[in-house]
Amino acid sequence: MSCDQDAETRHVLGCFRDRLKRLIQVEPLLDLLHFLEPDRKDRIKAKFREEGDINAAAFLIDEIIHSKNYARGWSRELIAALETVGCRHAAKYVLNSPPEPTEEAENDSCVRLIDLLQLTLVSMKTGDVCAHCRALGLLTLEDQENIMKLTENQGNIGGARLLLKRLVKNEAGWFSKFLQALEDTEHHDLVRELRGEPCNEDGEVAGWSLGRSLPPSIPTAEVPLSKALNPHKRDIVLRDYQMEVARPALEEKNIIICLPTGSGKTRVAVYITKKHLERKKQMGQPGKVVVLVNKVPLVEQHYKAEFGRFLKHQYSVERVSGASQLKISFPQIIEQNDIIICTAQILENSLAKAKNGDEDGIKLSQFTLMVIDECHHTKKGGVYNHIMIRYLSQKHKNQLLKKQEKSPVPLPQILGLTASPGVGGAMNQQMAEEHILQICANLDAFTIKTTTFKEEEAKTPYKRIDPFGDVIKKIMDEIHTHADLKPLCDPGTQYYEQWVVQKEQNAAKEENQMVRVCAEHLRQYNEALHQSNTIRMSDAFRFLNKYHTEELKTKSSPDEEGTITITDTERFLFTLFKDNKAKLQELMGKPQYENNSLAQLKTNILKEFSTRERARGIIFTRTRLSAIALCQWIQENPKFDEVGVRASYLIGGGDQSVVKPMTAAEQKDVLNKFRDGQINLLIATTVAEEGLDIAECNFVIRYCLVTNEIAMIQARGRGRAEDSSYTLVAEAGSGVAERESVNEYREKMMSTAIVKVCKMNRADYEKKTREFQMQAIIEEKVKIKKKLLKGMMKEPPSKISLSCRQCSVFVCSGEDIEKIENMHHVNVTKQFSKLFTVRENASLQERLLDYETNGVIACKNCGQQWGSMMLYKSIECPCLHIKHFVVTYSSKKKTFSKWSELPIKFPAFDYTQHADLLVEDSEEEDLETD
């Protein structure tokens, strides 16, 4: 071949690079490529061992394209080598003789089908199928030997995977031959699986008997695969209102779709995704879609219920989250799939890597459509906003590139989904419109599309005689007098809780231990008041009793080294509860004093389950404690059992509460049971309001809970069934009904704002959104500069010291603190070990990588918890939690909730140094013993 032909081959390799890297078998091919230098071969082999065939093939192609030192005729050698190792399909592409587009599309569908059904296909008798595939020319002798060797070493499944991997690299037509091989080896069930044919009761495929010959619908050279796969195909049919809101997106415009919960906005997104990929394919352009969510459970939900369900038979769909067990990198997943569903943080991390020059990063330009679920979270500080700031910055740069007559960097189309963008705390109509415009600007939306549905709500506040609550309030008043505290609001409210939390923080900084400990106890009594107003008095009493029992335990030393000090104030507080304990126990046994809200809730539940043929509902409540207690109340009451109530609770997974959080698996199990009908009443915290796929309900009750207009709309939207009801149950004077009225007003204000924004003059709309976008870009640049400056200005640990939050005793200097794995702050000095005791950890021990929690460390002087004892690579390390200390910083006393809030750079934990010291101490002890 001439030099021109070699140059043409380089050009062809570049054009078909993405296709060829999936068709080339690197390992056998390298042995036949003599024009490659040995060191280059070694690099490619190393890539193969570390990252697999596809990445190694891409590396090989790049080496050939970019190197100009090969002897004339190298392209002839490459093509001959490809044909020799059985990569004839790849050889045709290199010869610039690719198959016809329709044939190529059919072949791609065959490959996707094998990938989709791989878990089923690996059950084949690998040896038998391999022999038949070899006889039909689908495998080379070397392929067969490698497959059989892997089968011998790793078992049937390992060999089957390699067989399937090798088959899909063949020329078009291999699929029908593979079906013939399966039929010849009596894998009739697998043939039916590949055809999508159901079995009848006699074990026959409907319409034909199991025999040696294939029915006409098996794909062959004459029958296209698309017809053979019709049984798999799922049509997406939109309702008129759904099609109306989707229309601008189908015209490739960036939009926000605002539809109530349960009205099918995710289905609209699936339809838009499908049409987008089809359009890209028709235009001969690559299409790639990323679907972003803000909660891990939503990744699996969107895959199973929507995107995977409707599109995986046509496109490769993959999901990625922090809970994924995939063994390949995120960039590889992006490269190998058409639709990727992931948590926004994973994408942001990868975008940040690319900006920092990391090869493991990705760019927004790799996507053609970005779907953002719950897009009302695209606001300052949120991960969605970080991603969109990157988008807006590049859009701005593109405008400059166009002025310079340079090619702009491609950016994906944006599709935002939300049930309610809210009004962002707006106090008037103009501010509400500004908020909607800000959301539109953040998402670079051409418009926001919505529709309205008629909703009805019922509000029912009730009055109550509450002697149980009166006793608690009397106790709180005595504490107010003891500590000379004058609360600004009534006990039992969130405003009181905010006030008492602020008092505790200020008292800790001022080392006023009397006020600090009183404020802490007042906070617990305030929570008990809330519980007695929402759940049973007995639940509130158990909560208080448990708190005082555990606090008393902290005041008893677990060893004989010393006695923990109990102050006069603590003694007063313990005695105060003890003196009123009997009265509280007496009152909690009198049902006539239970809160009326609970009685009304009982009436509502019994009514729903008595008047509906198949009742299914959700009760939303504020705290995890109340969700669990309400569930227990329902399960213990025989009246509910008589009408067929099967209840369970659903709470969050964050570890920020006194209640043990639910794991993702536990949440999934409850939701599955609710979906299947094993559970028909769900008592949930706000975790169920947004995003999670809750089965169709016909009644929703918000029980003594109001947050904002977004949550109200989302909770109401959970009542998806026809003839569904939405009810608010609240105690008179609690402010709940009043706040719900405010939310209704804000909802109307939001709806009006959306209509006005949609009717804005196009020039005015674009001018306003552009102003917001430029402001966001500038603010982000300033923020980054401040962050860099803050990082550079981090001060040495000697600048701070820690003292106990409760008794103010000096604990340690910042110089004694080191960091494990850049997050756990530990103090392993001998001096510090004399200041604390170790108590049993009440929560379950949790193993995390190379360390595990192993008990709680507490102040020897007052019993205040300081942190936990970690076992890190066999070394016990006291781990400090900053929230339990007062920090003296630049002569000022401050409290912090996170270590990251401290502008201090702590050194990394020196494992070797501490291990050596431990060994030395151990040897000294041995010598002393001898």
Side-chain angles (χ1 to χ4, degrees), residues 460-482 485 487 489-497 499-500 518-552 572-605 619 621-637 639-640 658-659 683 703-705 729-737:
T460 48
Y462 304 97
K463 292 191 178 294
R464 174 193 180 194
I465 299 169
D466 184 20
F468 183 89
D470 292 341
V471 173
I472 292 178
K473 287 175 183 176
K474 178 175 170 290
I475 295 171
M476 294 173 81
D477 285 339
E478 288 190 48
I479 298 173
H480 294 150
T481 304
H482 180 85
L485 291 171
C489 43
D490 293 332
T493 63
Q494 276 184 281
Y495 302 113
Y496 182 90
E497 184 177 349
W499 171 79
V500 83
C518 283
E520 184 58 43
H521 278 249
L522 284 169
R523 189 178 178 187
Q524 306 306 317
Y525 282 114
N526 195 63
E527 174 61 28
L529 266 182
H530 170 73
Q531 288 187 33
S532 73
N533 285 332
T534 53
I535 48 182
R536 294 171 295 186
M537 292 182 288
S538 57
D539 296 310
F541 174 78
R542 276 196 294 269
F543 170 78
L544 282 176
N545 194 48
K546 182 182 177 185
Y547 171 74
H548 282 88
T549 302
E550 289 181 354
E551 280 296 294
L552 276 168
F572 160 76
L573 291 167
F574 289 136
T575 304
L576 186 61
F577 177 71
K578 186 179 176 182
D579 291 346
N580 287 277
K581 188 174 176 179
K583 184 65 176 173
L584 289 171
Q585 282 179 300
E586 178 193 341
L587 289 169
M588 78 179 193
K590 296 182 178 181
Q592 66 268 32
Y593 297 135
E594 288 289 6
N595 67 74
N596 288 322
S597 298
L598 202 60
Q600 183 60 28
L601 178 63
K602 180 180 177 182
T603 302
N604 283 0
I605 295 171
I619 299 170
T621 186
R622 185 165 73 92
T623 67
R624 294 177 184 180
L625 276 169
S626 59
I628 294 168
L630 283 172
C631 184
Q632 289 173 343
W633 169 66
I634 291 168
Q635 290 171 344
E636 292 169 8
N637 193 318
K639 288 285 184 185
F640 293 118
V658 292
V659 178
I683 300 94
Y703 184 65
C704 303
L705 169 69
V729 177
E731 186 80 16
S734 66
V736 170

Closest non-hydrogen atom pair, Met588 against Ser538:
SD-CA, 3.7 Å
Close side-chain approach of Ile683 and Trp633, heavy atoms under 4.5 Å:
no
Side-chain heavy-atom pair Asp539, Arg542 within 4.5 angstrom cut-off
yes
Rounded to the nearest 0.5 Å, what separates atom CE in Met537 from atom CG in Leu587?
7.0 Å
For Met476, does its backbone N or O pair with a side-chain atom of His480 as donor and acceptor, under 3.5 Å?
yes
Test item: Leu584 and Ile472 side chains (from C-beta on) under 4.5 Å apart, heavy atoms
yes
Test side-chain contact (heavy atoms from CB on, under 4.5 Å) on Phe468 and Lys590 and set out the steps.
CA-CA 10 Å; Phe468 183 89; Lys590 296 182 178 181; over 6 Å; no
Take Thr621 and Ile535 through the side-chain contact (heavy atoms from CB on, under 4.5 Å) test and state the conclusion after the steps.
CA-CA 10 Å; Thr621 186; Ile535 48 182; over 6 Å; no
Between Arg523 and Glu527, is the side-chain contact (heavy atoms from CB on, under 4.5 Å) condition met? List the steps.
CA-CA 6 Å; Arg523 189 178 178 187; Glu527 174 61 28; over 6 Å; no
What I want to find out is whether Lys474 reaches Asp477 closely enough, with some N-O distance under 4.0 Å, to be called a salt bridge.
no
Mind listing the closest non-hydrogen atom pair of Phe572 and Glu478 along with its distance?
CZ-O, 3.9 Å
With rounding to the nearest 0.5 angstrom, report the CD1 to CG distance, Ile634 to Asn637.
9.0 Å
Heavy-atom side-chain contact between Gln524 and Glu520 under 4.5 Å
yes
At what distance, to the nearest 0.5 angstrom, does CZ of Phe541 lie from NZ of Lys546?
14.0 Å
When rounded to the nearest 0.5 angstrom, what distance separates OH in Tyr525 from OH in Tyr496?
11.0 Å
Which heavy atom of Gly492 sits nearest to which heavy atom of Leu529, and what is that distance?
N-CD1, 3.7 Å
Roughly how far, to the nearest 0.5 Å, is CD1 of Ile605 from CG of Leu630?
8.0 Å
Sub-4.5 Å side-chain heavy-atom contact between His521 and Ile475
no
Looking at every heavy atom in both Ser532 and Ala540, which two are closest together, and how far apart are they?
N-CB, 3.9 Å
About how many Å separate CG of Leu522 and CG of Leu485, when rounded to the nearest 0.5 Å?
6.5 Å
Heavy-atom check, side chain of Asn526 versus side chain of Val500, under 4.5 Å
no
